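Here the structure comes first, spelled out in structure tokens, and everything after it is commentary.
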Amino acid sequence: MRSILYQKIYNIVKHIPFGHVATYGQIAVLAGIPGNARQVGYAMHALPDDSDVPWHRVVNARGEISIRSDPFYANIQRHLLNAEGVTFNKNGRISLEHFLWQTE
DNA sequence: GCAGTGACTAGTA
DNA sequence: ATACTAGCCACTG
């Protein structure tokens, strides 16, 4: 990996249990970089496809998929989450019951 | 070293 | 409810 920060982020993402999701902001806090949710997303973008990091369990603060540059991967993410039993609402948001750390 | 970019977020209108 | 703005800071060229 390019940096220790990435390692830390990946390690936290690996801690997300099966069938649960977490937000970029929450992961940023756990990684010791509160407010830097962008770097979490950037780390996910730099993540290789053959990685064992469950990147699909990371979503934005709205509980929705955020991938901008390549919408193709957003479809994959939705598919993977669906395969884990994660349910989506009408708006495409993930139900709050699936969030690992709820902000309330 | 400087400028542009971005899988974000919170605030404001 | 949506749309736009500013702040944020690691990465890239």
Side-chain angles (χ1 to χ4, degrees):
Chain A
M1 303 309 168
R2 305 282 172 91
S3 70
I4 299 181
L5 177 59
Y6 278 28
Q7 281 284 340
K8 210 181 247 183
I9 292 171
Y10 298 155
N11 185 45
I12 292 169
V13 174
K14 286 182 191 174
H15 272 129
I16 303 175
F18 185 93
H20 289 257
V21 297
T23 67
Y24 296 98
Q26 288 289 344
I27 293 171
V29 172
L30 294 174
I33 51 170
N36 295 345
R38 276 199 142 151
Q39 270 46 269
V40 178
Y42 202 96
M44 293 298 107
H45 186 222
L47 196 61
D49 291 342
D50 56 3
S51 154
D52 57 345
V53 177
W55 57 271
H56 54 277
R57 295 179 188 147
V58 185
V59 295
N60 64 13
R62 292 178 173 177
E64 212 173 292
I65 299 172
S66 293
I67 300 176
R68 296 185 172 185
S69 51
D70 201 336
F72 177 73
Y73 283 97
N75 187 29
I76 296 177
Q77 180 171 16
R78 199 178 80 253
H79 179 77
L80 289 172
L81 289 174
N82 218 332
E84 294 193 357
V86 176
T87 58
F88 289 79
N89 294 332
K90 264 188 190 173
N91 307 14
R93 296 187 188 175
I94 297 173
S95 304
L96 289 180
E97 57 190 59
H98 296 297
F99 280 79
L100 183 53
W101 302 286
Q102 289 200 31
T103 57
E104 169 60 30

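Chain letters run A, B, ... following the sequence lines, proteins first, then strands; residues in each count from 1. Bear in mind the structure is a predicted one, so any value in this text is a computation, not a measurement.
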side-chain contact (heavy atoms from CB on, under 4.5 Å) for A/Y6 and A/Q39? Distances and angles first, verdict last.
CA-CA 9 Å; A/Y6 278 28; A/Q39 270 46 269; over 6 Å; no
Check this one for me: any side-chain N or O of A/R68 less than 4.0 Å away from OP1 or OP2 of B/dC8?
yes
Pick the nucleotide of DNA chain C nearest each of A/P34 and A/N91; which residue has the one closer to the 5' end?
A/N91
Counting side-chain heavy atoms from C-beta on, which of C/dC9, B/dA10, C/dC8 comes nearest to A/R38?
C/dC8
Could you give me the CA-CA distance, side-chain angles and deciding distance for A/S95 and A/N89, then say whether side-chain contact (heavy atoms from CB on, under 4.5 Å) is met?
CA-CA 6 Å; A/S95 304; A/N89 294 332; 3.3 Å; yes
When you measure from the side chain of A/Y42, which nucleotide among B/dT9, B/dA7, C/dT12 comes out closest?
C/dT12
Distance, rounded to the nearest Å, where A/Q39 contributes CD and B/dC8 contributes P:
11 Å
What is the separation between atom CD on A/Q77 and atom P on B/dA7, rounded to the nearest whole Å?
13 Å
Whole-Å distance, A/N60 CG to B/dA7 P, equals 12 Å
After noting the C-alpha distance and the side-chain angles of A/M44 and A/I9, does the key distance pass the side-chain contact (heavy atoms from CB on, under 4.5 Å) rule?
CA-CA 9 Å; A/M44 293 298 107; A/I9 292 171; 3.7 Å; yes
Checking all strands, does A/I65 fall into the base, sugar-phosphate, or nothing category for heavy-atom contacts under 4.0 angstrom?
nothing
Have A/H98 and A/E84 got a donor and an acceptor in their side chains that come within less than 3.5 Å?
no
By the 4.0 Å heavy-atom rule, please label A/G25 as base, sugar-phosphate, or nothing.
sugar-phosphate
What nucleotide among C/dC11, B/dT9, C/dC8 has an atom nearest to a side-chain atom of A/N36?
C/dC8
Let me know the distance between CD of A/Q7 and P of C/dA10, rounded to the nearest Å.
17 Å
Nearest-Å distance, CD1 (A/I9) to P (C/dC9)?
14 Å
What's the closest nucleotide to the A/H45 side chain, out of C/dG7, B/dT9, B/dA7?
B/dA7
Using a 4.5 Å cut-off on heavy atoms from C-beta on, say whether the side chain of A/W55 contacts that of A/I67.
yes
note: A/M44, atom CE; C/dC11, atom P; distance rounded to Å ~ 13 Å
How many Å lie between CD1 on A/I67 and C1' on B/dC8, as a whole number?
13 Å
When rounded to whole Å, the CZ to P distance for the pair A/R62 and B/dA10 reads 11 Å
Does OP1 or OP2 of B/dC8 have a side-chain N or O of A/T23 closer than 4.0 Å?
no
